[in-house]
Structure formats: structure tokens, C-alpha cells
Amino acid sequence: MKQEEINKLLEKYYSGETNLEEEAKLKEAVESNPDDCRDEQLAFGFYQQENTVPEGLEDQLFKGIQDQEHRTRFLRNRWLKYSSAAAAVALAVSIFWFSHQSPNQVKLTKDEQFAIMEKALMQVSNGLQPQDDKDMLVLYQDDQLEIVAN
Amino acid sequence: MTAEQFKKDILPWSRKLYPMVKRLLKNDVEVQDALQDVMLKLWNKRHQILRHGKPDGYVLTVCRNHCLDVLKKKRVLLVEEQDDHRIINLPEQGATMDVREQLMIVRQIIDQLPDKYREVIQYREIDGLDFEEIRLLTGYEVAHLRVLLSRARLKVKDEIREIYDYETRGNQQIAGKIL
């Protein structure tokens, strides 16, 4: 690029009117003519230094994404495997339980069920009654009232 | 979005985002981790990205928000010293002492710019973002961005010239005294 062309581009650059493509061209031209554009050469050198990116950055990042995908898939598969196994065990236990329990079960009539329940409730009720106090002296007792003294 | 599409349309953004993430986090070690998290987020939302006509704004916003989250969670110490340290260690990459000094001077000039100027010049010159992308990040209209960019560039040029003219004059004076 001729110096005159560089100067024109520099003028545009310092007005903030250049596009990225023109700026790339200008930077390239300045790099090859450092003596004529010393100020720009220093500034552009710094910008270039600052946007240096490590080699193979994109590949490393994509590898990181793939690793995470594998991990997620592995965990998902493992979870699926364990939950399938648990479901299978639960199903087997249920089948075993029902197949062994049903034939031996005795079907009760409603009266029998009621009698058993009444008996059970009575047992609970008796269990909740306070124990008789042997030292208690009954002073008065009739159908509705009981007076005691300890 | 297929893996191939993602590789073609989204993954190349990592090169553009890298300097920005590095600047925001100010910690070289965390840059790649943060960028990996950003790319994973974008990968997990790749079907939503398709719905955006132009994914640029979406990608930039996800990246910036992630960096701000990282900064909130962990207050990153330090900063310019680390950047300077990185420049000081440039000889491994073949840079001379003069080049390192020059880079540090330009860094100081950029760092001392007013916030608006600094932000815009970094997005444009270092990250290579177009005006529309910078508008999405800063909220400034394009016409205003052009003005800010123009002033920032001129300021950088003037500062560089002032420092180097001063150094040249100083050297000439010293040479004059010696002679």
C-alpha cells in the first residue's frame, strides 16, 4: 500500500469511520512500514499482543463440551440402569407376594370382619384404662357418681 | 443446531471472547475455565440460539453475564501487575526489552483513558467487535461510538507521541551534554 493511501486510511481511522476490514488492511500496511507510522505501529503492536489467543483454543473447548456430553450421557444411562433394576426387583417382589398370599387368604364375611374389629378396639380400650389403685377408699358410689379418697 | 453447526457458527466466537474474558477476569488461569463454562452454556442452549436471528448479541450477553457472575463469586485480586508481569515475560516469545517497554507504555496509556474511551477502544481494537456488537454491550448509539472511538484513538496517538518525543528530546539533551 502506498504511503498516500495509508495516510488517507489513517485519517478515516482517526475519525472513527473505518470498518473492520479497512482497519485490518491498515494494520497490515503499518506493520510493513513501521518507520513512517511509528505511533500507530506501537499502538497496533499492543492491540495485537492483547488479542493473542492460545493455540488450539477452539479444539480444547469443543473437547470440553464433548467430555461433558459423555459424562451426562453416562450418568443418565447409569440412573436409567439403576432405576430399571429397582423397578424390576419391585415387580418381582410384588408378583411373588401376590402369587403366594392370595390362595391362602380366608375371605371373611362382613359380620366376622366387624367382630374382629370390635375385639381389637376393645383390647385397645382396655389397654388405655388406668390401673385400679389398691389404696383407694370408696366413700360413696351409685350409678352416676363415685366418691373416693386416697 | 447440530454439533457441526455449533462448531462453525458459535465456537469461533471463543477467539473473539478470549481477550474480553481475560480483561474482565484479569486472571489468566481462570480465562479458559470461564470460556469453557460459557461454551457449555451456549451448547446447552444451542436450540434457543437458533431462534435468535443474529446470535451475536446472545453470545456476547451470555459471556459478559458469566464473567460478572464469576467476579461476584470470587473477588479477583489484582490485576495490572499481573498483566505487566505477562509482558515482562515476553522474551520467551522472542520480544526484546525495548518491545516490552513499549507494550507496557501503551498499556498504561490505555488504562489511563476515561472509562468510556477505554471500553470502546478495547472492544474495537482488541476484541475486533463491530459497532453493532459494541452497541449491544455498551448501550451507546453507533454515532456516539464513532465519536468515542475517534477521540480515544487520537488520545492514544497523542500520548504515545508525547512520551516518545520527550524520550527523544531527553536522549538528545544527554548526548549534547556528553559531547
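Sequence lines set the chain letters: A, B, ... in the order given, protein chains first and strands last, and positions in each chain run from 1. Predicted, not measured: the structure shown is a model, and the values here were computed from it.
Looking at Y18(B) and T52(A), their side chains never come closer than 4.5 Å, going by heavy atoms from C-beta outward. Here the side chains of T18(A) and R153(B) are in contact, with some heavy-atom distance below 4.5 Å. When side chains are defined from C-beta on, L35(B) counts as touching L57(A), because their heavy atoms get closer than 4.5 Å. Proximity of I160(B) to R38(A): side-chain heavy atoms (C-beta onward) are nowhere separated by under 4.5 Å.
Hydrophobic clustering, with ILVMFWY side chains joined whenever heavy atoms are under 4.5 angstrom apart, keeps I121(B) apart from V147(B). Linking ILVMFWY side-chain heavy atoms closer than 4.5 Å, directly or via other members, places I163(B) and V156(B) in a single hydrophobic cluster. Under a hydrophobic-cluster definition in which Ile, Leu, Val, Met, Phe, Trp and Tyr are linked whenever side-chain heavy atoms come within less than 4.5 Å, directly or via other members, L149(B) and L136(B) are assigned to different clusters.
Atom NZ of K155(B) has 12 or fewer heavy atoms from other residues, nucleotides or ligands within 6.0 Å. Within 6.0 Å of NZ on K41(B) lie more than 12 heavy atoms contributed by other residues, nucleotides or ligands. Environment of CD in E21(A): sparse, with no more than 12 heavy atoms of neighbouring residues, nucleotides or ligands closer than 6.0 Å. Crowding of E11(A) atom CD: a count of heavy atoms from other residues, nucleotides or ligands under 6.0 Å not exceeding 12. Around the CD atom of Q48(A), the shell of radius 6.0 Å holds no more than 12 heavy atoms that belong to other residues, nucleotides or ligands.
Interatomic distance, CG of L154(B) versus OG of S15(A), reported as 7.5 Å (0.5 Å rounding). A distance of 6.0 Å separates CG of L11(B) from CD1 of I65(A), quoted to the nearest 0.5 Å. To the nearest 0.5 Å, atoms CG (L42(A)) and CD (Q102(B)) are separated by 4.5 Å. If you take CG on L103(B) and CD on Q49(A), they are separated by 5.5 Å, rounding to the nearest 0.5 Å. Considering OH of Y47(A) and CG of D127(B), their distance stands at 12.0 Å, rounded to 0.5 Å. D130(B) CG to N19(A) CG: the interatomic distance, rounded to the nearest 0.5 Å, is 10.0 Å.
The part of N44(B) that comes within reach of chain A is its side chain, from C-beta onward, which places non-hydrogen atoms under 4.5 angstrom from that chain. Both the backbone and the side chain of Q60(A) come within less than 4.5 Å of a heavy atom in chain B. Proximity to chain A is absent for every atom of E159(B), based on heavy atoms less than 4.5 angstrom apart. When heavy atoms are compared at a cutoff of 4.5 Å, L148(B) does not approach chain A at all. When heavy atoms are compared at a cutoff of 4.5 Å, I109(B) does not approach chain A at all.
At a threshold of 4.0 Å, the pair E125(B)-K27(A) counts as salt-bridged, since one of the basic side-chain nitrogens sits closer than that to a carboxylate oxygen. With respect to R107(B) and E50(A), a salt bridge is recorded, a charged nitrogen being found less than 4.0 Å from a carboxylate O.
Among residue pairs with one or both ends in residues 55-65 of chain A, those qualifying as salt bridge (charged side-chain N to carboxylate O under 4.0 Å, His left out) are K63(A)-D67(A); sequence neighbours excluded. Residue pairs meeting the salt bridge (charged side-chain N to carboxylate O under 4.0 Å, His left out) criterion with at least one member in residues 7-19 of chain B, sequence neighbours excluded, are K16(B)-E133(B).
Contact record, Y14(A) with S150(B): O-OG, 2.5 Å, taken as the closest heavy-atom pair. Minimum interatomic distance between Q32(B) and P54(A) (heavy atoms only, all atoms of both residues): OE1-CG, 4.2 Å.
Taking chain A as the reference chain and counting heavy-atom pairs below 4.5 Å, the highest number among V31(B), I110(B), V38(B) is found for I110(B).
A side-chain N or O of W43(B) and one of E69(A) form a donor-acceptor pair less than 3.5 Å apart.
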